[in-house]
Amino acid sequence: MGDRPWDDALSQQLDLTTDVSRRGASIFPVALLILHGQLDPDVPAASAEALHAVLLPHYAACPERLQLKVYPALAHTISRPESAEIAAAQEALRQDVSAWFSRFLAVSSEHNR
Amino acid sequence: MAQHLVNTPLPESTPVAERHVVEPQGIPLLLRYEKGAARRPAVIMLHGWGGSKERFQKSLPLDERFVTAYVDLPGHGERPPLDEQPDGVRKLVGEAVQRMAGEVAAVVDFLRGRREVDGERIGLCGWSLGGFAALLALTERPAVQAAVAIAAPHSARLVHG
């Protein structure tokens, strides 16, 4: 995949129909965990940080239901450990996913739909 | 011997992996749960570009406290390929993401109809393209209480191609 910017009509149309950040208000109150590798060459970690920043005001009443975690050692993949450090980070990610669902699916909440 | 087997108590729960297709959309999924267990929360799992439900299950398994539904995204796994477009991979990515986002509600309905699933506790998880589809699906307000987006773009603008 290259790095040509999306500057044609198709790109603009796709962007309008797929940009989640334009509809951030509609995601609340789903408990949302955003996970990203700091070294991700395919999808920059900055995009996760930007989405988190856009969503944050919508979660002001329940900030614990929105969380961003960036793993310094991770790139894009979550399943091919190329070093002990990456393997540990990938295992940490798996545990974070499990812990999030344990926390927000196991206990009923006034915000659950 | 047969009598012995008949009288041997079954374990309290047994791990099960089943293949289902959610109709009429034709969404293949791999359903994993513990047979005989009480109703449990369920999590819909969406793989990345070029992936499949089986490979994602190996990459990111969840433990037996959850019913899991690993789904083939449009154009992936057991599903027919997406039509080739002159605009290339980015159009295909956009089509796969938008179609999958629209199909999440059908997968939720499928899970809510299963006796193993506590229909009030359903989660959604996706990696990369699947994370993008998960985020987009959430904006349509499916009956999902929790979600995890991993390495996910949140706009087609962020997908290089």
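The chains referred to below are lettered A, B, ... by the order of the sequence lines, with proteins before strands, and numbering in each begins at 1.
Summarising the geometry of A:F28 relative to B:R141, their closest heavy-atom pair is O-NH1, 3.3 Å, with the distance given to 0.1 Å.
For chain A, no part of B:A134 is nearby; none of its heavy atoms comes within less than 4.5 Å. Proximity to chain A (any heavy atom under 4.5 Å) is restricted, for B:L62, to the side chain, taken from C-beta onward. Heavy-atom distances place the side chain of B:V43, and not its backbone, under 4.5 Å from chain A.
Contacts between residues 105-119 of chain B and chain A, counted as heavy-atom pairs separated by less than 4.5 Å, involve no residue at all.
With no hydrogens or angles considered, no side-chain donor-acceptor pair links A:R22 and B:T139 at under 3.5 Å.
Between B:S59 and A:Q90 there is no side-chain heavy-atom pair separated by less than 4.5 Å.
For the atom pair CG of A:L105 and CD of B:E120, the computed distance is 11.5 Å after rounding to the nearest 0.5 Å. A:S79 OG to B:F56 CZ: the interatomic distance, rounded to the nearest 0.5 Å, is 9.0 Å. Distance check: A:D96 CG to B:I150 CD1 gives 9.5 Å after rounding to the nearest 0.5 Å. Once rounded to the nearest 0.5 Å, the distance linking NE2 of B:H154 with CZ of A:R23 reads 13.0 Å. To the nearest 0.5 angstrom, B:C125 atom SG is 5.0 Å from A:F101 atom CZ.
Here B:L135 is the residue among B:D63, B:L60, B:L135 with the most heavy-atom pairs under 4.5 Å with chain A. With chain B as partner, the option from A:T77, A:I34, A:D40, A:I78 having the largest number of non-hydrogen pairs under 4.5 angstrom is A:I78.
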task: Just do the side-chain contact (heavy atoms from CB on, under 4.5 Å) check on B:L124 and A:V30 with the steps written out, would you?
output: CA-CA 10 Å; B:L124 178 62; A:V30 172; over 6 Å; no
